[in-house]
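Data first, discussion second: the structure below is written as structure tokens.
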Amino acid sequence: MNDQIFSGLNPEQQDAVNTTDGPLLVLAGPGSGKTRVITHRISHLISEVSIKSQNILAVTFTNRAANEIKERINNMVMSRDAFNIRCGTFHSLCVYILRQHANFIGLNQNFVIYDDSDQLQVITESLKELQIDNKRFPPRALLASISKHKSNLIPYEILSGASQNFYDEIVSRVYETYQKTLNSNSALDFDDLLMKAVQLLQNSKETHDYYSNKYEHLMIDEFQDTNIAQYTLMKLLGNKYENICVVGDPNQSIYSWRNADIRNILSFQKDYPNAKVIHLSQNYRSTQNILDAASKLISSNDTNINNKLWTNNGTGESLIIDEGYSEKEEAEKIIHEIQRLVKIKKYKWDECAIMYRVNAQSRVIEEACLSNKIPYKIIGGIKFYSRKEIRDVISYLKVIANPDDDISIARIMNVPPRGIGATSYNKLVDFAKNNNKTIYKTLCTFNSSEELQQSVGLTRRAAIAIDGFSNLLKNIIAESLDTKPSEIIQKIITDVGYQSYLQQDETNGLDRLENVMELKGLALQLHETEEITSMTDYLDRIALVSDVDGLDRNENSITLITLHQSKGLEFPVVFIAGMEEGLLPHIRSMEDPVQLEEERRLCYVGITRAEKLLYLLRTYKRYGFGQGSQTSIPSRFLSDISDVSIQSLEKNNPNSRKDITTLKTNINNSQQEIQLLDPMEIGTKVIHKTFGEGIVLLCTESGNDFVIDVHFSSAGKKKLLMSLANLEIVEKSK
């Protein structure tokens, strides 16, 4: 037996590692060593159970987690065989499967992957084609609805004709046009990667049998974040051996807006009645005071797993709760406290993180960092791959890999400028659609600019410009066969004239060119390390990068990050800003008890990122988000933890506005005001300042508040939180 595999594991972890036959559900609390369990379990399968690594599949939600797992396994199992394990994200797994077998479902194996920006462009064009007002039906909202249907494995063919209301009918029509555009462009969006992989395994017995035979053992991390498509994929891959180990924590399910379905983990035992369940409750990250606050908080949720967290890390410092008069003072308090901690050499900059519910909160914090000369990095700010120059070059690469990609062609047709205006482009698009061809195939049908001019109805100047672009594409595509991605990028920089184009930008041209050279350098590095061998490999690698993958913990600067993005990370010192009703919990979630519970889980995730010190801050008045100053109500989550060990910043800052007694009183008084509200009787007639007159259909208690279902004559049925709805009673129920 390899003693290294079981060394340092507690009894529950050892049990999880040693359980290798049949389905296994590991309910792992935050900081309970779940990554250790996954890596030790896989190492045990390879070295002790003699399972070949190529017959093990491990699925994670981030490339960062996958890389960490592979690195740990390689250090533990001294065998070349360990390098063959497939460990990656759901999306990377689906790309791998589809690239090999796409032809079985009539899919071009050189498909391109559309990112968020590409998808919105297709939605916008679909609305234009269908003559639907994009102000009345915003593209982002329609895309979210389509994504939800795909995550539930509902294709547009099934949705068509099944609409329950006018909005659903619009979604159905846009979905169909959107999907047909993707199909004609040989493009998949991220939801398609999952959906098409499921369709492939369901419709191709040969493919299904190959993978279900291949993967004798499956391990799925962060199982509470899976959606219906991901769970279905997992069951299809594991239905032969049923050696399925899922690791997760329902109390950390925070991605319903990404269509994650908490029911997957809650119902796992129903789907697998013989599943063994193991609880990991010992926390190796945080102090007991932090864990007590987390446990108190999450216990207020009706839907939670009672997994009492405990630690040998000691009691630790009290939680610090404080308030600033405004968001500016809140930010200043945070920065000054970090400065104090660094000055007394207790912590370094990179050991401190500031977390918040929405990205907009980062502005005032960033300003405080700049004014105090504090090094910082924002996770989820302007992403490298979202910069214009990078998107331009990647669009060229996409067209080279798949010339039928009309969306990418549209982006580069006049970049660098070639004199091709919107009118000329639209005429070309209309001509292509009327002939059921993509833009590139349309261009290939013309032998001269004169033919192009006469057939499409262009001016002579526009025809010459488009013909020049056509020849450019044909040449660069021909020259790129069997050429390294780094060399193709260099051709774009020089032969296409992109370098000259950037150099015309006297302000930022040099920086933008350096960004493009960084893209080339990445391609060169990946090719030399044999991580990529083709253009599609490189494009897949780029498409599957996430924000957190780029987090450099060796950079000595504080981290500014949203609570959603903080999942999976940990810091010695954590500040959570904006602990106010309307922010955390967010105002959009306060009308729905289910969403409100997810907001509490989100706060739980933030609290459990802290190892040593936890600060929870709020403002007395908040001026941001395009509104005037508004008096804030302390978050109900503060009242959930008001009886744990708490102190204020006054201990470290004599200029603090309020002592902890006053803060606790304010928090509890604010919640008591809500408790004093009387429920509304069904049938009560009310007036809302936005929705007008309505009648109460239902009034349900939710924590210290009430959720009211109201039917408004002009706006239909709405769910409202009584404490914030400001409803005027017109006539009480009789």
Side-chain angles (χ1 to χ4, degrees), residues 91-126 129 143 146-147 150 155-157 174-200 203-204 207 391-413 425 428-429 431-445 469-470 473-474 476-478 480-482 485 488 532-544:
H91 290 100
S92 66
L93 169 66
C94 292
V95 168
Y96 167 74
I97 293 174
L98 290 171
R99 290 287 183 211
Q100 310 301 315
H101 311 280
N103 58 298
F104 283 103
I105 53 174
L107 183 66
N108 183 344
Q109 288 180 290
N110 289 326
F111 61 83
V112 293
I113 302 172
Y114 276 1
D115 62 16
D116 183 72
S117 179
D118 297 327
Q119 291 172 262
L120 286 173
Q121 181 63 33
V122 178
I123 293 286
T124 301
E125 292 185 3
S126 299
E129 180 178 337
L143 183 58
I146 292 171
S147 176
K150 289 188 176 184
Y156 74 83
E157 294 92 341
V174 175
Y175 185 2
E176 179 177 359
T177 305
Y178 169 83
Q179 197 61 41
K180 286 181 176 179
T181 300
L182 263 61
N183 293 344
S184 66
N185 289 3
S186 295
L188 301 182
D189 61 23
F190 277 88
D191 296 306
D192 281 330
L193 295 176
L194 299 167
M195 192 174 183
K196 295 290 186 182
V198 168
Q199 290 174 352
L200 173 63
N203 298 329
S204 170
T207 307
R391 290 189 60 80
D392 287 345
V393 174
I394 289 175
S395 292
Y396 272 100
L397 299 180
K398 284 183 176 180
V399 172
I400 291 169
N402 172 23
D404 290 333
D405 181 1
D406 282 357
I407 295 297
S408 294
I409 282 187
R411 183 176 184 91
I412 63 174
M413 182 169 283
Y425 167 76
L428 181 62
V429 169
F431 183 86
K433 287 183 177 179
N434 291 336
N435 288 275
N436 295 316
K437 291 182 179 180
T438 62
I439 293 175
Y440 184 74
K441 286 177 180 174
T442 298
L443 292 174
C444 290
T445 62
F469 172 70
S470 174
L473 280 188
K474 292 173 187 175
I476 199 168
I477 289 171
S480 297
L481 294 174
D482 300 320
I488 299 174
I532 63 168
T533 58
S534 67
M535 176 65 75
T536 53
D537 285 346
Y538 183 58
L539 290 172
D540 290 347
R541 169 70 162 71
I542 290 172
L544 298 172

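Keep in mind that the numbers below use all heavy atoms, side chains included, and drop hydrogens, waters and symmetry copies. All figures in this text were calculated on a predicted structure; none of them were measured in a lab.
- Cation-pi geometry between Arg99 and Phe111 is satisfied (NZ or CZ under 6.0 Å from the ring centre, within 45° of the ring normal).
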Item to complete: I would like to know whether Lys474 and Tyr440 meet side chain to side chain contact (heavy atoms under 4.5 Å, CB included); could you show each step before the answer?
Response: CA-CA 9 Å; Lys474 292 173 187 175; Tyr440 184 74; 3.6 Å; yes
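- Not counting sequence neighbours, the partners of Lys433 by the side-chain contact (heavy atoms from CB on, under 4.5 Å) test are Glu129, Val429.
- Summarising the geometry of Ser470 relative to Leu443, their closest heavy-atom pair is OG-CB, 3.6 Å, with the distance given to 0.1 Å.
- A salt bridge links Asp118 to Arg391: one of the charged nitrogens lies within less than 4.0 Å of a carboxylate oxygen.
- Of all heavy-atom pairs spanning Leu194 and Cys94, the tightest one is CD2-SG, 3.7 Å.
- Partners of Gln119 by side-chain contact (heavy atoms from CB on, under 4.5 Å), not counting sequence neighbours, listed by chain and number: Tyr114, Leu143, Tyr178, Asp189.
- Across every non-hydrogen atom of Ser147 and Asp191, the tightest pair is OG-OD2, 2.8 Å.
- Considering only residues two or more places apart in sequence or on other chains, Asn203 meets the side-chain contact (heavy atoms from CB on, under 4.5 Å) condition with Gln199.
- The backbone N or O of Gln109 lies less than 3.5 Å from no partner atom in the side chain of Asn103, so there is not a single donor-acceptor pair.
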Item to complete: Determine, step by step, whether Lys196 and Leu200 satisfy the side chain to side chain contact (heavy atoms under 4.5 Å, CB included) criterion, reporting the C-alpha distance in whole Å, the side-chain angles of both residues, the deciding distance to 0.1 Å, and the verdict.
Response: CA-CA 6 Å; Lys196 295 290 186 182; Leu200 173 63; over 6 Å; no
Discussion item. Is there a side chain to side chain contact (heavy atoms under 4.5 Å, CB included) between Lys398 and Ile394? Walk through the geometry before answering.
Written reply: CA-CA 6 Å; Lys398 284 183 176 180; Ile394 289 175; 4.0 Å; yes
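- Under a cut-off of 6.0 angstrom, the local environment of NZ in Lys441 is sparse, with at most 12 non-hydrogen atoms contributed by other residues, nucleotides or ligands.
- We find the CD1-CG distance between Ile477 and Asn402 to be 9.5 Å, quoted to the nearest 0.5 Å.
- Across Asn108 and Ser186, no two heavy atoms sit closer than the pair ND2-OG, 3.5 Å.
- If you take CD on Gln179 and NZ on Lys150, they are separated by 3.5 Å, rounding to the nearest 0.5 Å.
- Here the OG atom belonging to Ser126 is positioned 11.0 Å from the NZ atom belonging to Lys180, to the nearest 0.5 angstrom.
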Discussion item. With side chain to side chain contact (heavy atoms under 4.5 Å, CB included) as the criterion, how do Ile146 and Ile123 come out once you've worked through the C-alpha distance, each side chain's angles and the decisive distance to 0.1 Å?
Written reply: CA-CA 10 Å; Ile146 292 171; Ile123 293 286; 3.6 Å; yes
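- Each of Asp540, Asn110, Leu481, Ile488 was checked for a side-chain contact (heavy atoms from CB on, under 4.5 Å) with Met535, and the lone residue meeting it is Ile488.
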